[in-house]
Amino acid sequence: MRPLSALEPGEHGELRARLGSLSGVRRVLLDPAAAGVWLLCDPNAEKVPLEAEVSRILLSLDVDPAAADLEFLVAAAVRTRRQRVRFVGVKRTLEEEGRRCRMRVALEWNGTIFGGEATGEAGPLQELRAAAAAALVAVQQVAGGEPAVRLTGVKQIRAFDSDLVLVSLFHSAAPPERLVGTVMVAGDPVRAAALAVLSALNRLLGNYLRTTD
């Protein structure tokens, strides 16, 4: 059997379609390079039967299920209006014998998962920056390429007996403006860096995303 990364591009679409047709699965996000399979499921979906079906589908494509990083994400209950982009998670992968890292951030908006990734050198500060950059790419995927924002700085500080991650963004609009997001570190600085991007863009995203009744 082969790893998920060995699938041909055409097989990615087949796998995504077959997984998406399973009962209780709303959306499928594949990350073949990291052997990642993320399923956004209904709140009442049963995990054990779904795991068995996913393994069956992978085996039919000659993919080793044990080598796949399968994650089940529970979709929020249906509401008449959706106000926020939801942070799903961030994944850190070391490459080049640990010299570089790849960050992948997943966001959910109106039942669809959007992913962004960025790479950088391994190391605390560099990984914070890569996580923030990946989150910014994911946000721009959600908003169809907008807003026109670039990352200008990431810093971890300690203030009032708490560890914080600060992210600075530059919005090249008319007039241009600087946006700053701050999130308290709760055990994972990389996660805080990604969330700080959402914090900085919270107001601005409202200009690009529209919800329906």
Side-chain angles (χ1 to χ4, degrees), residues 29 31 34 36 38 40 71 73 75-76 79 81-95 99-212:
L29 179 64
D31 189 354
W38 292 359
L40 181 68
E71 294 189 35
L73 310 171
R79 295 179 291 182
R81 291 187 66 85
R82 182 63 187 271
Q83 298 179 350
R84 290 180 181 271
V85 173
R86 186 172 73 90
F87 177 78
V88 175
V90 57
K91 184 171 184 178
R92 171 181 176 268
T93 304
L94 290 177
E95 301 177 343
R99 294 190 298 271
R100 293 185 65 80
C101 71
R102 181 178 298 273
M103 293 292 177
R104 295 179 174 86
V105 171
L107 305 176
E108 185 263 331
W109 168 254
N110 279 351
T112 299
I113 294 178
F114 298 85
E117 69 173 50
T119 60
E121 295 182 2
L125 181 58
Q126 296 89 338
E127 292 178 15
L128 290 182
R129 188 175 184 88
L136 183 56
V137 172
V139 166
Q140 290 170 332
Q141 291 288 329
V142 171
E146 297 289 349
V149 173
R150 61 182 173 86
L151 179 66
T152 57
V154 182
K155 180 179 291 188
Q156 183 172 347
I157 66 171
R158 186 163 183 81
F160 305 111
D161 296 323
S162 298
D163 291 319
L164 306 171
V165 171
L166 282 70
V167 167
S168 175
L169 306 173
F170 180 74
H171 184 211
S172 55
E177 60 181 328
R178 181 185 177 192
L179 307 170
V180 176
T182 306
V183 171
M184 186 177 296
V185 176
D188 187 358
V190 165
R191 182 177 187 275
L195 287 171
V197 171
L198 296 182
S199 173
L201 293 174
N202 182 51
R203 174 184 58 82
L204 192 62
L205 274 175
N207 296 330
Y208 297 96
L209 301 176
R210 296 291 182 267
T211 58
T212 57

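What you see is a predicted model; the values in this text were computed from it and never measured.
- Smallest separation of non-hydrogen atoms from Ala193 and Val167: O-CG2, 3.8 Å.
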After noting the C-alpha distance and the side-chain angles of Cys101 and Gln126, does the key distance pass the side-chain contact (heavy atoms from CB on, under 4.5 Å) rule? CA-CA 9 Å; Cys101 71; Gln126 296 89 338; 6.0 Å; no
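- Taking CZ of Arg99 as the start and CG of Leu94 as the end, the distance is 11.5 Å to the nearest 0.5 Å.
- The pair Glu95-Arg100 does not meet the salt-bridge criterion, since no charged nitrogen lies less than 4.0 angstrom from a carboxylate oxygen.
- Remark: Trp38 CH2 to Glu71 CD distance equals 5.5 Å, nearest 0.5 Å.
- Using a 4.5 Å cut-off on side-chain heavy atoms (C-beta onward), Val85 and Val139 make no contact.
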ask   = How far apart are the C-alpha atoms of Leu136 and Leu201, what are their side-chain angles, what is the distance that settles it, and do they pass the side-chain contact (heavy atoms from CB on, under 4.5 Å) test?
value = CA-CA 9 Å; Leu136 183 56; Leu201 293 174; 3.9 Å; yes
message = Working note: Leu166 + Ile157, criterion side-chain contact (heavy atoms from CB on, under 4.5 Å); need CA distance, chi angles, decisive distance, verdict.
response = CA-CA 8 Å; Leu166 282 70; Ile157 66 171; 3.5 Å; yes
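- When all heavy atoms of Ala106 and Ile113 are compared, the closest pair comes out as CB-CG2, 4.1 Å.
- The line from CD of Gln156 to CG of Asp163 is 5.5 Å long, rounded to the nearest 0.5 Å.
- Separation of atoms CD (Glu108) and CZ (Phe114) is listed at 9.0 Å; rounding is to 0.5 Å.
- Within the 4.5 Å cutoff, the side chain of Val165 has heavy atoms near those of the Val154 side chain.
- Counted within 6.0 Å of CZ on Arg191, heavy atoms from surrounding residues, nucleotides or ligands total 12 or fewer; the atom is thus considered open.
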message: Go through it in stages, so that I can follow the logic: the residues are Arg104 and Thr93, the test is side-chain contact (heavy atoms from CB on, under 4.5 Å), and I'd like the CA-CA distance, side-chain angles, deciding distance and then a yes or no.
response: CA-CA 8 Å; Arg104 295 179 174 86; Thr93 304; 3.6 Å; yes
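- Nearest heavy-atom pair across Leu169 and Leu151 is CD2-CD1, 3.6 Å.
- What you find for Val88 and Leu107 is that their closest heavy atoms are CG2-C, 3.8 Å.
- Heavy-atom neighbours of Glu177 CD from other residues, nucleotides or ligands within 6.0 Å: above the threshold of 12.
- Considering Glu127, Arg129, Glu117, Lys91 in turn, Glu127 is the only one that fulfils the side chain to side chain contact (heavy atoms under 4.5 Å, CB included) rule with Met103.
- Of all the heavy atoms in Val137 and Gly116, the pair that sits closest is CG1-CA, 3.8 Å.
- Counting all heavy atoms, side chain and backbone alike, Ala196 lies closest to Thr182 at CB-N, 4.5 Å.
- For Arg150 and Ser172, the side-chain atoms include no donor-acceptor pair closer than 3.5 Å.
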